[in-house]
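Convention: sequence-line order gives letters A, B, ...; per-chain numbering from 1. We use all heavy atoms of the structure for the numbers below, so side chains are in, but hydrogens, waters and symmetry mates are not.
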Amino acid sequence: MDRRLLPAIVLLGVALAAPFIVYPVFLMKVLCFALFACAFNLLIGYVGLVSFGHAAFFGGAAYITAYSVKVWGWPTEAGLLAGIAVAALLGLAFGAIAIRRQGIYFAMITLALSQMVFFFCLQAKFTGGEDGIQSIPRRPLFGVIDLKNELTLYYVVLAIVLSAFWLIYRTVHSPFGQVLKSIRENEPRAVSLGYRAEHYKLLAFVLSAALSGLAGSLKSVVFQLASLTDVQWQMSGEVILMTLVGGLGTIFGPVVGAVVVITMQNYLAPLGEWVLVIQGVIFVVVVLAFRRGIVGEISAWLSRLRA
Amino acid sequence: MAGAVEFILETQGLTKEFAGFVAVRGVNLQVRAGTIHAMIGPNGAGKTTVFNLLTKFLIPTAGRIHYQGREITKARPADVARLGLVRSFQISAVFPHLTVLENVRIALQRRLGNSFHFWRSEAVLDGLNERAHALLADVGIGDFWALRAADLPYGRKRALEIATTLALEPEVLLLDEPMAGLGHEDIGRISALIRRVAKGRTVLMVEHNMSVVAELSDTITVLQRGEILAEGPYGEVSRDARVIEAYVGTGHG
């Protein structure tokens with residue numbers, strides 16, 4: 001057997017057994033944010049673009065899924081697809097405007113655009129304003145799988161998130177992924193070989209937005225709630241934090257980052273606002289001392305041991 | 001090759017201004033098909049700017065560029081590469097964290113038309129390996145295929161860059177200071193390589209190393225302060241009083 005598969009198999013075993021030990025809703029929250037962070041990482045880690053507007057895709061999709069399932073009575077799978085589609089379209093619009101810019105300018109444009117989405121959600125009638133869209137029904141998946149059972153829902157969410165992970169892995173290791181890497185490494189050279197760099201970056205941006213949308217849509221199904229928190233700029237900041245803590249540009253890093261950040265938020269919740277201070281301190285420590293993030297540092301340490 | 005066109009690459013009144021500073025002024029350059037053409041001149045003469053204009057990395061302020069008889073003044077850089085006008089860079093341009101083989105495959109991959117396929121395995125690119133190995137062997141780095149490009153010695157990176165460029169089967173090669181930073185031994189090897197790959201192609205290069213220029217080029221264009229000072233074969237240009245003055249005046253040999 002391929003030894004590289006071993007950690008993946010161990011993790012799969014842990015994921016299958018986890019709901020018998022840990023509260024399933026908490027696990028599902030971790031899964032949604034792990035997917036969000038991995039989708040974000042596709043852009044920052046493999047294209048080298050820092051978006052500060054990913055909350056728009058996450059929250060926008062959450063609202064669309066919530067509304068179509070609750071108000072229009074769509075089945076859950078249709079609601080999820082609608083969320084992904086809207087996130088992808090938003091991504092196309094954001095990307096078309098921002099993709100020619102780099103570094104801080106790219107971050108600022110995506111932030112500005114996502115703030116526009118936020119204010120739209122704040123003002124628009126269908127989002128329910130400060131209340132958000134609450135008690136979204138968990139309609140059976142494909143008309144047969146009962147999502148009201150929390151354990152069933154967990155395995156459905158797990159299956160969807162794992163498929164999305166696989167798609168991200170496939171994208172990174174595809175002919176498209178090869179071109180993306182070459183653009184990240186040396187954009188003028190890739191252009192001089194005949195690749196129109198913006199088109200590749202735009203597709204990566206749309207993929208990242210669509211997968212972030214899937215994460216947001218799943219979150220609204222799990223919590224039966226879509227609210228302004230999901231589209232707020234803090235959400236964009238949180239996903240950056242998760243990715244950096246875990247290790248950007250690594251496949252598992254963002255997952256680890258999401259586990260760490262969500263666990264902290266959950267178990268330190270009694271401390272109230274202090275959670276933000278602790279998060280801030282961790283962020284500073286990571287940026288100053290562990291640039292590669294948890295997974296990045298561990299794999300660098302392992303390869304030093306082997307050498 | 002388009003046989004009817006005598007000059008494969010031609011500029012008329014090519015001019016580039018940067019915020020009031022004129023880097024290139026009214027350059028009429030004619031590159032004959034199938035020759036090696038060198039551009040020389042003291043630092044700041046505008047050689048690299050001309051290069052960037054020809055490959056569309058810069059937009060000219062005025063003037064026109066024709067390639068194989070068609071106007072490319074407004075084309076995008078990726079598009080001129082697709083037409084067969086491919087450049088190298090002054091600082092060796094490889095993809096450092098990809099392997100040597102992958103570097104060449106990136107160039108070969110475009111013609112497969114699967115470069116947007118994010119749902120397919122990169123194993124579909126293995127079909128290019130044979131051609132990639134052949135290109136690497138051709139420039140003398142066949143044994144290094146599994147190394148990361150960053151781990152190659154500098155001279156070998158140059159060879160890799162040339163192999164990658166050749167993978168596109170270009171009509172015209174634009175080499176920006178191919179000998180920059182190379183040791184004596186590498187210079188001999190790379191200049192022999194350039195002579196060999198120039199067969200059946202056109203090469204336009206910017207180069208400071210005069211013995212290389214003398215040995216390789218059919219035609220030399222001397223630039224000074226953004227304008228053409230002299231043009232012709234090496235023997236003629238090197239005796240030109242204005243050229244000697246320009247070089248002595250700025251301390252170049």
Atom CZ of B/Phe116 with >12 non-hydrogen neighbours under 6.0 angstrom: yes

For B/Phe89 against A/Pro188, the heavy-atom pair lying closest together: CZ-O, 3.6 Å

Atom of B/Val94, atom of A/Asn186 and distance for their closest heavy-atom approach: O-ND2, 3.5 Å

Nearest heavy atoms of A/Pro175 and B/Ser121, plus distance in Å: CD-O, 3.8 Å

Minimum heavy-atom distance B/Ser115-A/Tyr195, with the two atoms named: OG-CE2, 3.7 Å

Flag if over 12 foreign heavy atoms under 6.0 Å of CZ, B/Phe18: yes

For chain A, the option from B/Ala167, B/Ala78, B/Pro170 that forms the most heavy-atom pairs under 4.5 Å: B/Ala78

A/Phe290, CZ: over 12 other non-hydrogen atoms inside 6.0 angstrom: no

Donor-acceptor under 3.5 Å (B/Arg82 side chain, A/Gly194 main chain): yes

Trace of the side-chain hydrogen bond (donor to acceptor under 3.5 Å, both in side chains) decision for A/Arg189 with B/Thr165: CA-CA 10 Å; A/Arg189 181 53 173 165; B/Thr165 306; 2.8 Å; yes

B/Phe95 CZ to A/Ser182 OG distance, which is reported to the nearest 0.5 Å: 4.5 Å

A/Glu198, part contacting chain B, at a heavy-atom distance under 4.5 Å: side chain

Residue selection (most heavy-atom pairs with chain A, distance under 4.5 Å) from B/Arg87, B/Arg76, B/Lys56, B/His97: B/His97

Side chain A/Arg170, main chain B/Glu122, donor-acceptor under 3.5 Å: no

Which of B/Leu174, B/Asp79, B/Val124 touches chain A most, by non-hydrogen pairs under 4.5 Å: B/Asp79

Heavy-atom pair of closest approach, residues B/Ala81 and A/Val191: CB-O, 4.2 Å

Interatomic distance, A/Gln178 atom CD to B/Ile106 atom CD1 [nearest 0.5 angstrom]: 5.0 Å

Reported CZ-to-CH2 distance for the pair A/Phe176 and B/Trp119, which is rounded to 0.5 angstrom: 10.0 Å

Separation between CG of B/Leu98 and NZ of A/Lys181, rounded to the nearest 0.5 Å: 7.0 Å

Which atoms of A/Leu207 approach chain B - backbone, side chain, both or neither, heavy atom under 4.5 Å: side chain

Atom pair OG/CG of A/Ser192 and B/Leu168 - distance to nearest 0.5 Å: 7.5 Å

